[in-house]
Amino acid sequence: MTAPRITVNGTEAPISPSTTPHTTVLDFLRERGLTGTKEGCAEGECGACAVLVARPGTNEPTDWVAVNACLLPAAALDGQEVVTSEGLATAGTPGTPGTLHPVQEEMAVRGGSQCGYCTPGFVCSMAAEYYRPDRCAHPDPAEGTGPEHGPNGFDLHALSGNLCRCTGYRPIRDAAFAVGAPADEDPLARRRAQSPPAPVATEYVRDGSAFLRRNTLGETLRLLRERPDAVVVAGSTDWGVEVNIRARRADCVIAVDRLPELRELRVGSDAVEIGAALTLTEIERRLDGRVPLLAELFPQFASRLIRNGATLGGNLGTGSPIGDSPPVLLALEASVVLADAEGERQVPLAEYFTGYRQSVRRPGELIRAVRVPLPLSPVVAFHKIAKRRFDDISSVAVAFALDVEDGIVRKARIGLGGVAATPIRALTTEEALAGRPWTAETVEAAARVLRAEGTPLNDQRASAAYRSAMLGQSLLKLYAQTTEAVSS
């Protein structure tokens with residue numbers, strides 16, 4: 001296999017021999033003099049490192065997707081195309097080198113930059129939204145304008161993973177809401193109509209460490225059988241933090257993000273099957289609201305930059321008790337499809353977690369897909385209690401899925417996060433609701449039961465008493481929000 005090569009701003013760039021399997025895309029770019037890509041937090045929270053990557057599209061063959069360069073290993077982009085803030089100017093204004101890209105121009109004229117440290121990351125995130133194929137101006141500009149969506153169709157949540165310390169967000173929002181449509185001759189806009197870069201097998205070994213990618217699931221599973229101690233990565237949104245902040249290193253990292261068998265999404269008559277390596281953004285856009293509880297989860301899961309890389313397989317694979325997707329998937333009665341070199345097995349998610357960051361997944365086994373059974377319960381909600389409205393870690397997460405017919409709760413499924421060593425089902429509360437009328441009296445009694453579920457701890461995010469109180473309050477909130485809809 002040849003050494004990894006990345007196309008950066010239209011020019012192919014080989015990874016140098018000094019690059020290790022743990023060298024990030026951020027450091028790779030800065031070593032090449034592309035210093036617009038900056039390190040602010042090294043854990044995917046500030047967006048100063050954002051760059052654009054050509055990925056398989058939803059409405060076009062290719063989408064330009066903004067990702068955190070500080071989290072991805074450079075070897076993970078072998079064979080792929082990257083555009084940095086430096087490359088945007090030439091791309092957005094072909095034939096006139098040195099002229100600003102339309103996004104950069106709006107940021108400049110509207111005062112969206114002061115010290116400039118965060119600006120390149122904002123520009124790259126803004127450019128990803130600028131090139132989103134289904135972004136379109138609202139027919140009535142006055143009606144289309146709001147605090148989070150502009151008359152030009154710009155979704156301000158595209159910038160939710162970017163922080164600015166000095167400018168203030170109003171002029172940045174003004175710039176976002178002022179950009180028009182890409183010009184016909186814009187090469188990055190034209191690039192969307194062409195196929196994305198094909199996955200390539202990668203074998204990069206330096207100083208006793210290896211970054212490996214195989215072309216098929218079968219090859220990957222055989223490799224995992226040989227290297228059961230390997231770290232499996234997709235978007236690296238969790239592993240990248242371990243590498244940067246905790247200086248963790250692995251002898252072997254195996255990438256599964258490009259495996260076609262892990263990137264399928266199928267909606268059948270009895271289940272929705274979601275590939276474990278599809279990013280949350282891809283799932284959100286491809287499902288387009290067909291699983292309402294997942295639709296409630298996505299906007300509250302980290303930031304758009306993280307959702308552009310994070311996967312359900314990764315979120316479940318880490319086994320974190322405060323992951324946002326497990327409570328939702330528990331309420332949906334989802335199962336995980338586990339695969340190894342010998343075959344597959346399906347495990348209900350309620351039986352998957354066995355202890356703190358532990359699961360039934362065996363060495364050499366990986367998550368291939370998540371299955372959500374159909375039909376779906378009609379009364380659903382996801383309540384995330386955190387210190388910030390968006391882009392924060394849950395103190396408590398509660399997901400509800402209820403069947404209420406003729407005023408009676410026929411079935412209740414409740415998933416909880418942040419109140420035990422693992423994500424759990426609130427089984428006692430489910431029993432307290434099932435078969436009873438959906439009334440204030442029933443809900444208040446069940447809320448008292450829900451407060452006692454789990455074994456919440458005191459930590460820096462919240463006290464045990466607060467977590468318990470929020471559990472009960474969450475059910476009361478659900479009742480207040482749904483009573484009219486259920487009655488009708």
Side-chain angles (χ1 to χ4, degrees), residues 24-27 29-30 34-53 64-72 82-89 92 100-132 135 145-180 237 240-241 244-245 281 299-310 386-393:
T24 64
V25 174
L26 167 73
D27 288 336
L29 293 172
R30 292 185 64 82
L34 298 170
T35 53
T37 308
K38 297 181 173 66
E39 180 179 296
C41 66
E43 51 187 341
E45 290 190 354
C46 76
C49 65
V51 297
L52 296 175
V53 179
W64 287 109
V65 177
V67 298
N68 289 296
C70 75
L71 298 178
L72 279 171
V82 176
V83 173
T84 69
S85 58
E86 293 91 345
L88 277 172
L100 294 177
H101 185 277
V103 166
Q104 295 169 323
E105 177 71 21
E106 292 295 345
M107 282 284 281
V109 301
R110 295 177 191 277
S113 177
Q114 285 189 25
C115 80
Y117 195 92
C118 70
T119 304
F122 266 101
V123 163
C124 286
S125 291
M126 199 179 293
E129 181 68 3
Y130 175 77
Y131 288 115
R132 178 164 61 86
R135 179 181 69 87
T145 303
E148 296 174 352
H149 293 85
N152 58 354
F154 194 102
D155 181 359
L156 206 59
H157 286 280
L159 308 183
S160 62
N162 296 84
L163 300 181
C164 178
R165 277 90 174 173
C166 58
T167 301
Y169 295 99
R170 184 196 55 75
I172 295 173
R173 185 190 67 176
D174 291 347
F177 287 179
V179 294
T237 56
V241 177
N244 292 339
I245 303 301
T281 293
Q300 300 181 68
F301 191 113
S303 67
R304 177 61 71 190
L305 277 171
I306 292 295
R307 295 197 296 276
N308 287 342
K387 295 183 182 296
R388 294 194 301 264
R389 183 182 175 204
F390 295 111
D391 198 10
D392 201 0
I393 296 172

Could you tell me if the side chain of [Y] sits less than 4.5 Å from the side chain of [X], heavy atoms only?
| X | Y | result |
| --- | --- | --- |
| Leu71 | Thr24 | no |
| Asp391 | Ser160 | no |
| Phe177 | Leu156 | yes |
| Ser125 | Leu305 | yes |
| Tyr131 | Val103 | no |
| Thr119 | Met107 | yes |
| Arg173 | Phe154 | no |

| field | Side-chain (Asn244) to main-chain (Ala42) donor-acceptor, under 3.5 angstrom | value | yes

| Are any side-chain N or O atoms of Glu39 and backbone N or O atoms of Cys70, one a donor and one an acceptor, separated by less than 3.5 Å? | no

| query | Would you say the side-chain atoms of Arg30 and Thr37 include a donor-acceptor pair closer than 3.5 Å? | reply | no

| task | Under the ring-ring contact (aromatic ring centres under 6.0 Å, His included) rule, collect the residues that match up with Phe390, sequence neighbours excluded. | result | His157

| task | Report the residues that fulfil salt bridge (charged side-chain N to carboxylate O under 4.0 Å, His left out) with Arg307, sequence neighbours left out, ordered by chain and then residue number. | result | none

| Counterpart residues, salt bridge (charged side-chain N to carboxylate O under 4.0 Å, His left out), relative to Glu148 (two or more places apart) | Arg389

